[in-house]
Amino acid sequence: MAIWETLGNLTLIALILMVYSFPLYKENLFYRFVEYLFIGVTIGHATVVAVQFLQKNVLSPILGGETFLIGVLLLSALLFTRFYRPYAYLARWPMSFLIGSMMGLRIFASVNSAKRYMLATAYNPLAQPDLLSQLGSVFVIIGYITAALYFTWGWEHKGPLRWTDKIGRYLLMTYFGVSFGSIAMARFTWFSGTIKTLLTAMGLI
Amino acid sequence: MSSLIRRKEITIAIMLFCAFFVFADRAYKAPILLDTSKWVQKWVLAISAVTMIVTFISSIIRNTRRIQTSLSEGDGPDAGSSIVGQWFYYGTTLVASVLTVAVGLTMGIQSNPYQWMYQYVFQNLATAIASFLGLFYIGAAFRAFRARTAEAAILLICGVTVMLTTNPFGEAIWSGFPVIGSWFLNWVSIGSRRGMGLASSVGTVALAIRVILGYERSVSAGGE
Amino acid sequence: MSSIIDKFENLDRRILLWAVVICVTLPYFIPVGLPIPYEPWVLDAIDFMENEVPDGATVLLDLSAALRVITELEGGMQATGWYFTQRGFKVVGTCFYPDGVFEWYNFIEPEFIKAGYVYGEDYVFLGYIPGESTGVDRLAKSIRDLISVDYEGNKIEDLPMMADIDKAEDFAFVMAFGSGWTPGSYITNWYLPYGIPIIPFSHMYGLSGYLSSWMAGFIPGTICGVRGSGEWANYLGLPSTAVTMLDSVGLGHAIMILFIILGNIAMLIEKYGGKDTESIGGSP
Amino acid sequence: MYGNIKDLMTLLMVIFWLIAIAVFSYRGRSVLTWIRPIAGLEAVDEAIGRAVEMGKPLFFTTLHGSGTGNSAFVQGHGPAHLAGLSVLGYVAQEIAKRDAKLEVPLAWPDVAEMGTTVVEQAYRAEGKRAPPDAVKYISSTQMAYALGTAGLMARTEPASILMFGPAAAETLILAESANKYGSFNIGASSANQAVYFITSCDYVMIGEELYVSGSYLSKDMRALGSIKGQDYPKLLQIILYLIAIAMAFSGIKPSNTFFGL
């Protein structure tokens with residue numbers, strides 16, 4: 001078993017160095033090899049997971065007597081028509097199943113989340129404990145309305161709408177700035193984690 | 001016959017059927033709706049798993065064809081393109097995917113070889129590439145955080161203060177950073193974030209309607 | 001003068017990257033020891049678990065984190081496994097990412113075995129369930145409807161612990177590790193209809209999303225990223241790799257902020273100080 | 001079992017949203033007077049033109065979003081992929097008309113399946129046969145997708161890069177790589193990582209602009225009408241919001257009332 005672990009550590013070091021040659025140097029043969037290798041492995045893994053899922057949730061229930069599920073096998077068999085061009089349009093049917101149910105789910109979920117967040121955003125500035133949060137909740141109210149008005153299509157944005165547009169854009173920028181800044185920690189942690197993995201595998205720490 | 005099953009009304013009917021039952025299950029809790037939406041969702045998961053298998057097969061076909069083309073030194077549809085001479089890479093993808101599937105299906109995911117591959121290749125590379133982001137982030141921040149316009153200045157101030165808030169290092173410099181940073185994080189940015197979210201919700205619903213009714217020509221129509 | 005600024009403006013990004021690589025690597029050899037103050041949302045989450053959940057309660061532990069963020073959550077997962085055994089919680093584990101299986105067997109189960117937990121009586125692992133938000137929704141309605149066997153192939157009916165556990169109401173709270181949208185799905189599909197408290201344990205990027213849920217009162221608190229892991233481990237008094245990592249991350253930040261400031265100064269000099277260069281050179 | 005008053009409130013809102021959008025799209029031409037121009041979408045033609053002139057490929061992707069598994073369409077970001085594919089329909093048809101090259105690396109099996117159909121349909125509408133390798137499935141693992149797509153960019157050095165989809169962690173890698181090769185970039189994203197597009201794209205679209213872009217480009221009267229209809233749900237929401245604030249001022253917690261959580 002120890003030999004496998006050593007081999008694993010060597011593979012790990014080699015792969016990390018190869019893949020890091022892209023940002024730290026430039027696109028090269030080693031990087032390209034890792035790229036194609038990784039894509040192959042992930043495709044294989046996803047297929048294994050999919051086959052296991054089908055085995056567990058479709059094939060064994062059918063053998064156990066849920067004959068109704070044969071329907072889904074027949075329907076998804078239509079997906080294979082894409083290998084034979086004249087009947088390729090039949091693949092649309094199972095895809096419509098996916099798209100239809102996604103849209104049904106999303107319609108309700110979108111309205112529900114819009115309503116929920118609208119209620120959660122309805123602050124009363126006077127009820128806030130300190131000046132900072134009072135001021136903040138005023139920003140929240142203005143931000144919600146101006147951002148919603150920023151995304152309107154039917155009216156020309158002039159007159160009062162020009163002003164809401166401008167304020168909306170500034171407040172959207174605060175949001176983008178915040179999301180840019182708050183991610184730095186995560187990114188550096190991942191990077192630091194890889195350095196740690198590399199150093200551990202090399203036996204330096 | 002052929003013209004009949006080509007009609008786009010069939011796909012629209014399927015979409016309407018699925019959308020209605022999945023939607024109605026959430027809105028109105030009657031047993032028949034619940035049961036129907038449950039099997040629709042079960043079928044959806046099964047179909048998506050089959051999609052992956054179809055994609056796997058077509059990736060094998062495509063890579064085999066590419067290897068043939070790249071070995072044939074420049075005739076065929078891809079002559080002169082970047083494919084020529086690249087057979088080694090396509091072969092890598094092909095072998096890696098087929099090998100993974102073979103090991104995974106015959107020996108199982110819990111077996112030692114598969115776990116070895118998963119730990120040292122899959123997990124290792126996923127983490128290593130994700131950590132690229134740390135490096136790319138610096139390049140992006142270096143360019144983005146220049147106070148050229150009013151908008152960019154806002155971006156700079158919010159970004160840097162929040163950076164110093166999430167990191168304990170900021171508090172060590174000045175205890176005021178976390179206060180300002182959390183104010184941006186918890187108050188100022190929230191309103192526009194949710195306003196944008198509202199707009200996206202409306203956009204999603206409108207897209208759903210257009211797709212189901214067949215107005216988004218390229219994605220919803222079945223026939224021509 | 002202006003040529004130095006020009007050079008800085010068009011700096012090869014690789015120089016910057018190498019500087020950061022060195023800064024991030026250094027603390028692994030020479031510890032710096034930056035302080036780690038507690039964040040209020042982490043304290044709220046700890047407070048909730050310590051005071052509002054009775055000993056021996058039933059908990060759902062969701063491990064829907066992709067392995068690429070494992071460096072952030074590893075310490076937190078071990079601390080969580082350890083803490084659950086200290087409180088005698090009965091744990092149902094599940095994951096909506098296939099990677100969760102690996103995390104369960106490497107970080108969670110060893111802690112349980114160390115504490116003498118028995119499979120089927122004190123903890124159960126349901127395994128990978130596909131379908132993210134759909135799956136979370138169906139899990140709330142009925143576990144038995146969604147799956148019939150656990151990850152190791154035992155029938156759910158045969159597990160003594162699962163006798164009276166089937167739906168959302170049977171759980172005291174949910175600890176949701178996540179690198180995607182799953183903790184949010186729990187808030188939508190578990191908290192809002194059934195009122196089950198959720199503690200998202202997300203990678204750092206999820207923080208701003210869960211903070212707004214925290215402010216709105218949807219969740220008792222949240223623990224995020226390597227900093228959250230470090231605080232959680234510090235609170236429990238466990239040794240953790242998160243602390244060294246925070247040092248190295250802090251130095252990385254410092255060098256980047258330095259470059260941002262220098263970049264802005266260079267830009268300002270060019271804008272206000274270097275007007276004459278324009279008339280000399282002219283634009284092509 | 002039969003829901004409660006709060007669910008009923010949500011249902012009423014859904015019905016209002018649906019009716020507002022459906023009525024406007026049904027009446028199409030008669031209600032349509034003017035639609036706000038979106039600069040990023042006007043620039044799509046410029047991007048196509050650039051690909052034609054330079055003889056290099058046009059790069060189109062719907063990004064990855066996040067998550068694992070086999071399907072984008074069962075996840076929260078599914079609609080954004082569909083919105084991206086809708087733009088692809090327009091782009092592919094223009095490309096086919098003007099004989100340029102198209103590269104479409106996609107991240108999910110079902111999105112790739114759909115993308116193949118969309119591209120084939122677009123080429124058929126122009127009476128041509130779609131190139132077999134235009135649509136590529138890369139990988140459903142986020143970072144493998146990012147790696148593959150960045151590599152593809154480095155090797156093909158495309159004339160223009162169009163990214164329409166749900167942006168997540170892979171965005172930064174793609175946007176930075178795109179920035180390196182001097183191509184003409186347009187980024188559109190529904191999610192919050194759209195911020196990386198700001199630093200590296202010539203045109204950026206955020207939030208709802210992604211969802212309307214397919215119909216905006218198609219110039220179909222009913223689709224354009226529905227875009228106008230999208231204003232009214234927002235107005236309703238703002239009115240409800242003002243009511244909720246008024247409630248908050250008078251000391252009632254709006255989430256405890258009839259239109260509550």
Side-chain angles (χ1 to χ4, degrees), chain A residues 19 22 27 31-32 34-36 38-39 41-43 45-46 49-50 53 79 82 88-89 91-92 95 98-99 101-103 105-109 111-112 114-116 118-124 126-127 141 144-145 147-149 151-157 172 175-177 179-180 183 187, chain D residues 9-10 13-14 17-18 33-36 69-71 73-74 76 78-79 82 109-110 113-114 116-117 120 137-141 143-144 147-148 150-151 154-155 172 192-196 198 206-209 212 227-228 230-231 234 237-238 240-241 244-245 247-249 254-255 259-261:
Chain A
V19 86
F22 177 53
E27 207 265 348
Y31 165 78
R32 206 180 296 181
V34 178
E35 178 193 329
Y36 280 91
F38 190 34
I39 288 173
V41 170
T42 53
I43 291 179
H45 180 65
V49 172
F53 174 78
L79 285 170
R82 72 169 277 189
Y89 58 85
R92 285 262 187 194
M95 291 313 283
L98 286 182
I99 292 173
S101 72
M102 165 180 84
M103 287 313 189
L105 199 65
R106 283 299 129 206
I107 288 177
F108 196 85
V111 178
N112 214 3
K115 187 182 91 169
R116 242 173 43 218
M118 182 265 286
L119 289 172
T121 317
Y123 292 109
N124 175 7
L126 299 178
I141 293 169
Y144 186 83
I145 296 174
L149 286 174
F151 291 104
T152 51
W153 314 107
W155 305 295
E156 226 164 315
H157 284 201
L172 276 172
Y175 166 53
F176 284 133
S179 75
F180 205 125
I183 205 166
R187 300 301 186 235
Chain D
M9 194 62 202
T10 316
M13 271 170 63
V14 175
W17 286 32
L18 293 183
T33 48
W34 187 81
I35 287 279
R36 200 179 119 203
N70 297 319
S71 173
F73 289 159
V74 302
L82 213 56
D110 47 1
E113 180 79 38
M114 204 63 207
T116 316
T117 324
E120 266 171 15
Y137 164 75
I138 305 284
S139 169
S140 1
T141 304
M143 287 307 148
L147 196 65
R155 286 190 292 278
L172 184 52
N192 36 17
Q193 302 217 8
V195 62
Y196 298 120
I198 294 176
I206 46 172
E208 202 187 351
E209 287 168 338
V212 303
I227 295 180
K228 194 174 165 67
Q230 275 167 244
D231 290 352
K234 270 169 260 172
Q237 203 74 14
I238 290 174
L240 288 178
Y241 182 59
I245 288 179
M247 278 179 174
F249 265 104
S255 50
F259 68 174
L261 250 20

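Protein chains get the first letters and strands the later ones, always in sequence-line order, with residue 1 at the start of each.
When side chains are defined from C-beta on, D:Ile206 counts as touching A:Phe151, because their heavy atoms get closer than 4.5 Å. Side chains of D:Thr141 and A:Val41 form no contact here, defined as non-hydrogen atoms less than 4.5 Å apart. Residues D:Trp34 and A:Trp155 have side chains not in contact (no heavy-atom distance under 4.5 Å, counting atoms from C-beta outward). Side chains of A:Tyr144 and D:Ile245 form no contact here, defined as non-hydrogen atoms less than 4.5 Å apart. Looking only at side-chain heavy atoms (C-beta outward), D:Leu82 and A:Met103 come within less than 4.5 Å of each other.
Options A:Ala109, A:Ala127, A:Ser101, A:Ala114 differ in how many heavy-atom pairs under 4.5 Å they form with chain D, and the most are formed by A:Ala114. Ranked by heavy-atom pairs under 4.5 Å with chain D, the first of A:Val34, A:Leu105, A:Thr42 is A:Thr42. Of the listed residues A:Leu172, A:Val19, A:Leu98, the one with more heavy-atom pairs under 4.5 angstrom with chain D than any other is A:Leu98. Ranking D:Glu208, D:Gln237, D:Lys234, D:Met13 against chain A, the residue ahead of the rest is D:Glu208, based on heavy-atom pairs under 4.5 Å. Heavy-atom pairs under 4.5 Å with chain A peak, among D:Pro109, D:Ala154, D:Ala144, D:Ser71, at D:Ala144. Most heavy-atom pairs under 4.5 Å with chain D, from the set A:Val49, A:Leu79, A:Ile141: that is A:Ile141. Per-residue counts of heavy-atom pairs under 4.5 Å with chain A were compared for D:Val74, D:Asp110, D:Leu172; the largest is that of D:Asp110. Between chain A and the residues D:Gly148, D:Ser139, D:Gly78, D:Ser140, the largest count of heavy-atom pairs under 4.5 Å involves D:Gly148.
Heavy-atom distances place both the backbone and the side chain of D:Leu147 under 4.5 Å from chain A. Proximity to chain A is limited to the side chain of D:Glu120, based on heavy atoms less than 4.5 angstrom apart. Interface remark: A:Ala91 contributes side-chain atoms only to the contact with chain D (heavy atom separation under 4.5 Å). Interface remark: D:Trp17 contributes side-chain atoms only to the contact with chain A (heavy atom separation under 4.5 Å). If you measure heavy-atom distances from D:Ile138 to chain A, the contacts under 4.5 Å come from both the backbone and the side chain.
Shown here for D:Phe73 and A:Ile99, the closest heavy-atom pair between the two residues is CE1-CG1, 3.9 Å. Here the closest non-hydrogen pair linking A:Asn124 and D:Ala248 is ND2-O, 3.2 Å. In terms of heavy atoms, A:Ala148 sits closest to D:Ile238 at CB-CD1, 3.9 Å. Nearest heavy-atom pair across D:Ala244 and A:Met118 is CB-SD, 4.4 Å. Taking both residues in full, the closest heavy atoms of A:Arg106 and D:Gly76 are given as NH2-CA, 3.5 Å, listed atom of the first, atom of the second, then distance. Listed here is the closest heavy atom pair of A:Tyr31 and D:Gly151: OH-N, 3.8 Å.
From A:Arg82, atom CZ reaches atom OG1 of D:Thr117 across 7.5 Å, with rounding to the nearest 0.5 Å. Here the CZ atom belonging to D:Arg36 is positioned 4.5 Å from the NE2 atom belonging to A:His157, to the nearest 0.5 angstrom.
Side chain of D:Tyr137 to backbone of A:Ile43: no donor-acceptor contact under 3.5 angstrom is found. Judged purely by atom type and a 3.5 angstrom limit, D:Asp231 has no side-chain atom pairing as donor or acceptor with the backbone of A:Thr152.
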